[in-house]
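These notes concern the structure reproduced below.
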Amino acid sequence: MKPCVAVLISGRGSNMEALVKAAQAPEFPAKIVLVLSNKPDAAGLEIARQLGITAEAVPAKPFGKDREAHERAIDARLQAAGVEIVCLAGYMRLLTPYLVGRWAGRMLNIHPSLLPAYPGLDTYARALAAGEQKHGCTVHLVTEGMDEGPIVAQAEVPILPGDTEDALAARVLVQEHLLYPAALAALAEKIRLPEAAPRP
Ligand code: GRF
């Protein structure tokens, strides 16, 4: 049985779309069953629906400042859908130890830098300002520290003379769309093995 996957988004959802399309291949070792967004107006929700995936918003607003309560609502949706792996794809909320702990070893994130360089926001501008010659993206397991978990896969791109933030972001994004499905496939294969740790 292929493990079921949910993708959490907040915006345009291009990585989610790349994951869903990759998982449509019969040989892909995971099945994407659910897309959730903390933003009801996330463009990616409609894209997911058009691709035949159940896509729902779980807005944070009704939970006020109680971030863990919001995460419990998300986790309830994940459990109800039989999800075994969660992919964060442009999910713009810091997670509490509750959700990170629930999904330890089974939650991936994609970040637009060659971690551990440039965690956080504005990675393109910072890499350009520092005169770097290369940039890229990283898929990592999610731990409590922001952009700090064990690295699963990375892809590099060159920084070219005259690059702008937009040009560099577009070059990195092409690689994100290849890297994330490959990293998800690798994790899905791993958790299918009989010696994989049971769910906490
Ligand atoms: C990507 O650049 C990803 O690396 C970062 O947020 C962006 C999300 O883009 N975490 P999209 O919503 O997948 O198009």
Side-chain angles (χ1 to χ4, degrees), residues 5-24 30 32 34-51 53-60 71 74 85-95 99-100 103 106-129 132 134-159 163-187:
V5 177
V7 186
L8 269 53
I9 63 170
S10 298
R12 69 184 167 182
S14 74
N15 277 286
M16 174 278 298
E17 185 176 356
L19 289 166
V20 169
K21 287 183 171 165
Q24 284 171 343
I32 301 194
L34 181 65
V35 171
L36 296 179
S37 172
N38 61 316
K39 301 271 184 202
D41 59 352
L45 285 173
E46 192 47 41
I47 294 170
R49 288 181 194 123
Q50 280 171 12
L51 290 165
I53 307 292
T54 302
E56 296 170 7
V58 184
E71 290 179 352
I74 288 176
I85 297 175
V86 176
C87 292
L88 305 182
Y91 186 67
M92 300 302 285
R93 269 179 84 82
L94 284 178
L95 301 184
L99 202 65
V100 173
W103 292 93
R106 291 163 188 267
M107 181 183 273
L108 294 170
N109 181 44
I110 188 157
H111 180 75
S113 79
L114 297 170
L115 291 172
Y118 304 110
L121 297 174
D122 298 325
T123 70
Y124 316 107
R126 287 153 63 208
L128 288 171
E132 302 283 2
K134 62 183 186 183
H135 200 55
C137 49
T138 302
V139 175
H140 63 94
L141 287 164
V142 175
T143 55
E144 285 187 28
M146 190 180 61
D147 302 328
E148 271 182 14
I151 290 171
V152 175
Q154 285 187 314
E156 280 183 21
V157 301
I159 292 183
D163 253 349
T164 60
E165 275 183 64
D166 285 351
L168 180 55
R171 195 176 307 124
V172 171
L173 195 63
V174 170
Q175 294 304 315
E176 291 186 33
H177 295 166
L178 299 172
L179 187 73
Y180 212 171
L184 171 59
L187 180 63

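Remember, it's 1-based here, ligands and their atoms both numbered in the order they're listed.
Formation of a donor-acceptor pair under 3.5 Å by the T123 side chain with backbone atoms of Y118 is not found in this model. In this structure, R106 contributes its side chain and L187 its backbone to no donor-acceptor pair below 3.5 Å. Counting only distance, with no hydrogens or angles, the side chain of R171 and the backbone of I159 share no donor-acceptor pair below 3.5 Å.
Here Y124 pairs with H135 under the ring pair (Phe, Tyr, Trp, His ring centres under 6.0 Å) rule; sequence neighbours left out.
The salt bridge (Lys or Arg N to Asp or Glu O under 4.0 Å) analysis of residues 5-23, with sequence neighbours excluded, yields the pairs E17-K21. Residue pairs meeting the side chain to side chain donor-acceptor pair (under 3.5 Å) criterion with at least one member in residues 34-44, sequence neighbours excluded, are S10-N38.
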Report each N/O pair between ligand 1 and the protein that falls under 3.5 Å, naming both atoms.
| unit_1 | atom_1 | unit_2 | atom_2 | d |
| --- | --- | --- | --- | --- |
| ligand 1 | 2 (O) | E176 | OE1 | 3.3 |
| ligand 1 | 2 (O) | E176 | OE2 | 3.1 |
| ligand 1 | 4 (O) | E176 | OE1 | 2.8 |
| ligand 1 | 4 (O) | E176 | OE2 | 3.3 |
| ligand 1 | 9 (O) | R12 | NE | 3.4 |
| ligand 1 | 9 (O) | R12 | NH2 | 3.4 |
| ligand 1 | 10 (N) | I110 | O | 2.9 |
| ligand 1 | 12 (O) | G13 | N | 2.9 |
| ligand 1 | 13 (O) | S14 | N | 3.3 |
| ligand 1 | 13 (O) | N15 | N | 2.8 |
| ligand 1 | 13 (O) | N15 | ND2 | 2.9 |
| ligand 1 | 14 (O) | R12 | NE | 2.4 |
| ligand 1 | 14 (O) | S14 | N | 2.9 |
| ligand 1 | 14 (O) | S14 | OG | 2.5 |

